Protein chains: 2
Amino acid sequence: MARRRKNVTIRDVAEDAGVSLQTVSRVINDGPNVRPHLRERVRASIKKMGYVPSLAAQRMSGSRSYILLAINDRERTLADWRERRGTDWVDQMLLGGVLTGAPHGYRMMVELIDTRSEHVERELGAAISALQPDGVILTPPHSENPLITALLEDRGIRFARIGSKARGPGIALTMGDEGAAALATRHLIELGHRRIAMIAGPEQYSLSGWRITGWRAALAEAGLRDEGLLARGDFGFESGLAAARALIARAPRPSAIIASSDQMALATLEAAREAGLAVPDDLSLISFDNTPIVRFTQPPLTAIDQPIAETVSRAVELLIARDEEAGAQGVIEVPAALVPRSSTAAPRAVDRA
Amino acid sequence: MARRRKNVTIRDVAEDAGVSLQTVSRVINDGPNVRPHLRERVRASIKKMGYVPSLAAQRMSGSRSYILLAINDRERTLADWRERRGTDWVDQMLLGGVLTGAPHGYRMMVELIDTRSEHVERELGAAISALQPDGVILTPPHSENPLITALLEDRGIRFARIGSKARGPGIALTMGDEGAAALATRHLIELGHRRIAMIAGPEQYSLSGWRITGWRAALAEAGLRDEGLLARGDFGFESGLAAARALIARAPRPSAIIASSDQMALATLEAAREAGLAVPDDLSLISFDNTPIVRFTQPPLTAIDQPIAETVSRAVELLIARDEEAGAQGVIEVPAALVPRSSTAAPRAVDRA
DNA sequence: ACAAGTCTTGAGAACGCTCTCAAAATGCGC
DNA sequence: GCGCATTTTGAGAGCGTTCTCAAGACTTGT
């Protein structure tokens, strides 16, 4: 299987268009100082010959690599992966990132790094040395890992931290976890709920804290208190089951639960079933993530939709633009929205007491 | 944000180890003809300095790019994406591909291409020119698109076709759709079902045909016929709903349905609900894909698990090994397995008649 | 029409690595 | 210990692009 057709290079195009190689380069990069008729002639040759610049060569000589690197959490096995995530982060990131980067000639690579490994730095360092990306996109929980941000700063690589409100190096983009939690809480309050519980994520994720803050704030607005109706999970199903059982066992029982992930919401559904509670009649439920799963549960779940694709898209724009002020402008917020479905309703009269 | 620490190059390592640049290159590539003590010294320097070869430079000079390109179907919008796929193909491909390629220094990039576009060739051609990957992994429905395979052959790029049994250029890997469908059908026959329906995928996907073949074969083994209990969908929920409704409306009604995707299985669940049929008591249901969704439906679905990660892993191995015989050996099968859950049971006496 | 600028073009070096090929060092048989 | 084959090492070219810098072609003001 030998390489039949040699790749078209910038030299071939230059020859075809009867100009120097440098002029072609200028046209490719939309550089200034090329007379219109020449620019057109070169463009025509490029199209005719189907020329596409080699990423490797561009990286070699130029200062840009046209590669963005997205760092995602990696579970150790496929089973863990499915059990704990169940989200479509990678799919959505690719959709948002690839579509936004493509028109500018940028490609996106995904690197899976296990946060709990002691080799985080080494793995990331190797990826950066090998790829020399123009920008890095960090997702939780890497977004606030100081080892990682320090490494990137040291190497002088621009990066975006998704799901982080902490100021600091890099561009911070958040999906407004505080506001989203408040949104969910208010929705329940408007339906008449007074005892609204929250299953939060692990402390390692700062967004867990923000969601708790938003939940408490919305309760306070309505003159309510959290009544200690807080439980923690690790976003996975099993942890959610334990948390939901504990909350349901409380007396008086909460009439509504906000779960910090779809997996934990599914677990809550299961816990309610065990306890003989109907959703939403006996217990209202709101989920975070809005992955495809929750449209098909019984009942379909009201959920907070995380605009992952949109947020990544925004991050890519800023990284490509090399907007030096983006970081300074503080946190960029792409707000999440509430998608009402059938798992939320007014509480029964007896609960309203 | 200037680049603070300059990248370590092969030259730095050579200097540190007191050898020529070429010797370092040999060590990196596990080349022959380096004396052990020198090899060790160079290895030590590499580790000490944290050197990692630049992918771009390797590609520029050598014949390998250390990049594998995975081609996935791209929906036009996020909504379509979620509606029609709902699968975790990309996640699984990355998991299988990245973990397998990494030890050999290979990276995997994902390219999303819209099959229905007329520009398939142009998009793929551009990606190949830009990246010059050492291998390409095609997923359905691209696996059997002659425009794509011809392009790859013409460029002399090795590729693997996943989910294809057609011999032809490239390495074909299948998850054994025929056998998997037979497995599902036999499972139902053993439970006592006689009227087993199938919701197949679109004709554009050859695996749809193989699943039908397997289904019919298993029926024939048991002395049964298909009774025309076949419907088609496009793997998406809506199409599955229509197909399931049509099958349920048949008289006599099938006592079991095999759906060719999780989304269509969910739709079948919905159609059963509409018709007042209990699953599995009135209707048994088996799904294909086994994405995280089907563990959480009510009831959880018995499903055919597609070993996507394993198959991609195998494909990566073969592409990296540049095993020239792999293609000739015919089709490589990584068989799917049946995961029994609660959506299948013996039919009611009345149906068994 | 001339000097002083600005715009346009191109030549050549550089990026970090592997390839090819030649030179030096080593091993082997006698 | 000698001549030959073999292994080990290194020097230099080349990959496809962009960068830097200098030269040539235009403007403009007078």
Side-chain angles (χ1 to χ4, degrees), chain A residues 3 5-42 45-46 49-67 105 107 126 128-134, chain B residues 3 5-42 45-46 49-67 105 107 126 128-134:
Chain A
R3 180 147 304 181
R5 200 202 295 181
K6 222 173 153 303
N7 261 304
V8 180
T9 77
I10 199 172
R11 191 163 280 115
D12 302 323
V13 175
E15 197 170 328
D16 183 78
V19 298
S20 84
L21 186 160
Q22 179 52 38
T23 300
V24 178
S25 177
R26 286 197 184 92
V27 173
I28 296 166
N29 298 295
D30 286 321
N33 305 337
V34 179
R35 276 196 309 227
H37 81 278
L38 260 194
R39 196 181 286 271
E40 273 324 302
R41 208 162 81 205
V42 171
S45 289
I46 288 176
M49 312 189 72
Y51 167 72
V52 177
S54 152
L55 259 199
Q58 291 191 116
R59 159 58 241 179
M60 278 302 288
S61 63
S63 49
R64 283 180 296 180
S65 66
Y66 292 100
I67 287 180
R107 311 245 152 208
I128 286 174
S129 296
L131 297 171
Q132 294 166 279
D134 287 345
Chain B
R3 182 148 299 182
R5 201 201 295 181
K6 219 170 157 304
N7 260 304
V8 180
T9 77
I10 198 173
R11 192 162 279 115
D12 302 322
V13 175
E15 197 171 326
D16 183 80
V19 297
S20 82
L21 184 161
Q22 178 53 39
T23 300
V24 178
S25 176
R26 286 196 184 93
V27 173
I28 296 166
N29 298 295
D30 285 320
N33 305 339
V34 179
R35 276 193 309 219
H37 80 278
L38 260 194
R39 196 181 287 272
E40 275 323 302
R41 209 164 80 207
V42 171
S45 289
I46 288 177
M49 313 189 70
Y51 168 72
V52 177
S54 151
L55 260 199
Q58 289 192 114
R59 160 57 240 179
M60 278 301 290
S61 62
S63 49
R64 283 182 294 181
S65 67
Y66 292 99
I67 286 180
R107 311 244 152 207
I128 287 174
S129 296
L131 297 170
Q132 293 166 280
D134 287 344

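Lettering follows sequence order; numbering is per chain, from 1. Predicted model, so just to flag it, every value in this text is computed and none were measured.
Remark: C1' of D:dG16 and CD of B:Gln132 are 9 Å apart, rounded to the nearest angstrom. For the pair A:Arg35 CZ and D:dG24 P, the computed distance is 16 Å after rounding to whole Å. One interatomic measurement links the two molecules: CG of A:Asp12 to P of D:dG16, which rounds to 9 Å at whole-angstrom precision. If you measure from atom CG of B:Leu131 to atom P of D:dT17, you get 13 Å, rounded to the nearest angstrom.
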Show me the donor-acceptor pairs, under 3.5 Å and distance only, between side chains in residues 26-35 of chain B and residues at least two apart or in other chains.
residue	atom	partner	partner atom	Å
B:Asn29	ND2	B:Ser25	O	2.8

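Applying the salt bridge (Lys or Arg N to Asp or Glu O under 4.0 Å) rule to B:Glu40 yields the partners B:Arg43; only residues at least two apart in sequence or on another chain are considered. Not a single side chain to side chain donor-acceptor pair (under 3.5 Å) links B:Arg39 to another residue, sequence neighbours left out.
To the nearest 0.5 Å, atoms CG (A:Asp12) and CE (A:Met49) are separated by 5.0 Å. Between A:Ser45 atom OG and A:Ile10 atom CD1 the span is 12.0 Å, to the nearest 0.5 Å. To the nearest 0.5 Å, atoms OG (B:Ser20) and CZ (B:Arg11) are separated by 11.0 Å.
For the pair A:Thr9 and B:Asn33, nearest-nucleotide mapping onto DNA chain D gives the more 5' position to B:Asn33.
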TODO: Begin from the C-alpha positions of A:Ser65 and A:Gln58 and carry the test side chain to side chain contact (heavy atoms under 4.5 Å, CB included) through to its verdict.
DONE: CA-CA 7 Å; A:Ser65 66; A:Gln58 291 191 116; over 6 Å; no

TODO: Start with the C-alpha distance between B:Asn7 and B:Ser54, add both sets of side-chain angles, then the distance that settles side chain to side chain contact (heavy atoms under 4.5 Å, CB included), and finish with yes or no.
DONE: CA-CA 9 Å; B:Asn7 260 304; B:Ser54 151; over 6 Å; no

Open item on the list: Please evaluate residues B:Gln132 and B:Ile67 with respect to the criterion side chain to side chain contact (heavy atoms under 4.5 Å, CB included), reporting the C-alpha separation (whole Å), side-chain torsions for both, the decisive distance (0.1 Å), and the verdict.
Closed with: CA-CA 8 Å; B:Gln132 293 166 280; B:Ile67 286 180; over 6 Å; no

Write down the protein N/O and nucleotide N/O pairs, taken from nucleotides 18-20 of chain D, whose separation is under 3.5 Å; answer none if there are no such pairs.
residue	atom	partner	partner atom	Å
D:dT18	OP1	A:Asn29	OD1	3.4
D:dT18	OP1	A:Asn29	ND2	2.9
D:dT18	OP1	A:Gln58	OE1	3.4
D:dT18	OP2	A:Ser25	OG	2.4
D:dT18	O4'	A:Ser61	OG	2.5
D:dC19	N4	A:Gln22	OE1	2.2

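Remark: B:Ser20 is in phosphate contact with D:dG10, judged by side-chain N or O atoms under 4.0 Å from OP1 or OP2. The shortest distance between the side-chain N/O atoms of A:Arg11 and the OP1/OP2 oxygens of D:dG16 is not below 4.0 Å.
Using a 4.0 Å cutoff to heavy atoms of chain B, the contacted part of DNA chain C runs 5' to 3' from C:dG16 to C:dT26.
The bend of the helix from C:dA1-D:dT30 to C:dC30-D:dG1, defined by the angle between the axes of its first five and last five pairs, stands at 20° to the nearest 10°.
The backbone N or O of A:Ala17 lies less than 3.5 Å from a partner atom in the side chain of A:Arg41, making a donor-acceptor pair.
A pairwise comparison of heavy atoms in B:Thr9 and B:Tyr51 identifies C-CE1, 3.6 Å as the closest pair.
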